[in-house]
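Report on one structure; see the data block that follows.
Naming: A, B, ... by sequence-line order, numbering from 1 per chain.
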Amino acid sequence: MSLGAAKHWLVLRVTAIAAIPLCVWLVWSMVSLADADHAAFTGWLKNPLHAVLMILFVTVNFWHAMLGTHEIIEDYVHDKTLLNLSLKLKCAAFGIIGAVCVLAVVKVAFL
Amino acid sequence: MTDNTTNRPLSPHLQIYRPQLTSMMSILHRITGAALSAGGLMLAWWLVSAAMGEQAYDVFRKFAGSPLGLFMLFGWSFCLYYHLFNGIRHLVWDTVHLLDIGNAYRAGYIVLALTAFATAGTWWHACRLHSASVSQAMPADPDFSGKDGE
């Protein structure tokens with residue numbers, strides 16, 4: 001809402017398109033990492049290409065999910081105060097969890 | 001205009017209609033989207049446990065390999081493929097193509113077939129890789145006995 005409906009519509013679709021190759025990449029990687037222990041997984045994530053793609057995956061998909069859940073909440077929460085509160089809480093949750101994911105990747109890969 | 005706010009006719013809602021492929025797939029798009037958003041928590045657990053160290057990562061690994069963890073991963077893969085393929089259907093609609101009823105149904109059936117094919121193919125491939133590595137790891141590593149999922 002604060003974004004403006006047109007921007008919300010556009011960003012939802014841009015992130016959707018960006019998510020397509022990233023999702024294929026992550027599923028492919030997860031299958032090949034199915035038996036990886038800590039050393040194997042962190043070794044894989046230390047590859048800068050994998051780290052950057054993982055950060056992109058988290059950013060693009062959390063952004064997409066943030067906008068998508070916005071629409072769901074708007075449809076089902078009718079009380080104005082409750083609506084604003086749940087939208088703010090939802091945004092904060094996605095922002096914090098997404099940031100924690102990115103920091104975790106940065107710590108493994110670059111620190 | 002009369003001020004009539006309590007006795008207006010309502011438009012027919014979900015329970016009025018016989019379920020159709022198009023409406024069911026629309027609802028499923030939303031359900032899988034919500035499920036995938038929740039799945040973000042699993043992704044966070046995976047990445048954070050890796051950053052915390054070997055002990056924390058082994059806890060995650062043990063859960064992911066348990067029957068419940070594998071069931072959740074299977075559900076996640078189904079939701080991801082469905083939302084991805086049906087999302088492409090939506091993106092095509094945004095370009096004002098395939099909007100007539102016949103094509104909306106045809107594209108719907110294609111999405112369902114692709115979802116089933118991709119989900120089954122991914123797990124078939126994962127099981128093949130896993131059984132190969134289990135038979136390799138078996139002699140040296142007792143953790144790969146295949147019974148550590150409880």
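Considering only heavy-atom pairs separated by less than 4.5 Å from chain A, the leading option among B/Trp76, B/Tyr81, B/Trp45 is B/Trp76. With chain B as partner, the option from A/Cys23, A/Ala34, A/Ser32 having the largest number of non-hydrogen pairs under 4.5 angstrom is A/Cys23. Taking A/Thr69, A/Ile17, A/Ile72 one by one and counting their heavy-atom pairs under 4.5 Å with chain B, the maximum is reached by A/Ile72. With respect to chain A, the highest number of heavy-atom pairs below 4.5 Å among B/Gly53, B/Ala44, B/Ser77 belongs to B/Gly53.
Only the side chain of B/His83 has a heavy atom closer than 4.5 Å to any heavy atom of chain A. In this structure, chain A has no heavy atom under 4.5 Å from any part of B/Trp123. Interface remark: A/Met66 contributes no atoms to any contact with chain B (heavy atom separation under 4.5 Å). For B/Leu36, no part sits under 4.5 Å from any heavy atom of chain A, backbone or side chain.
B/Ser66 places none of its side-chain heavy atoms less than 4.5 Å from the side chain of B/Phe71. B/Leu47 has its side chain within reach of A/Val58: a pair of non-hydrogen atoms, C-beta onward, lies under 4.5 Å apart. The shortest distance between side-chain heavy atoms of B/Asn103 and B/Arg106 falls below 4.5 Å. Inter-residue side-chain proximity for B/Met42 and B/Phe63 is flagged as met; some heavy-atom pair is nearer than 4.5 Å. Taking 4.5 Å as the limit, every side-chain heavy atom of B/Leu21 sits out of range of all side-chain heavy atoms of B/Met24. With contacts defined as side-chain heavy-atom distances shorter than 4.5 Å, the pair A/Trp25/A/Met54 qualifies.
For A/Met30, the CE atom is densely surrounded, since the number of other residues' heavy atoms within 6.0 Å is greater than 12.
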May I have the list of side-chain donor-acceptor pairs in residues 36-45 of chain A shorter than 3.5 Å, sequence neighbours left out?
residue	atom	partner	partner atom	Å
A/Asp37	OD1	A/Ala39	N	3.4
A/Asp37	OD1	A/Ala40	N	2.9
A/His38	NE2	B/Ala50	O	2.9
A/Thr42	OG1	A/His38	O	2.7
A/Thr42	OG1	A/Ala39	O	3.3
A/Trp44	NE1	A/His50	ND1	3.2

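For a heavy-atom cut-off of 4.5 Å, chain B lies close to A/Val100, A/Cys101, A/Ala104, A/Val105, A/Lys107, A/Val108 in residues 98-111 of chain A.
A/Val27 and B/Leu80 make their closest contact through CG2-CD2, 3.3 Å (heavy atoms, listed as atom of the first residue, atom of the second, distance). Pairing each heavy atom of B/Phe78 with each of B/Thr119, the nearest pair is CA-OG1, 3.8 Å.
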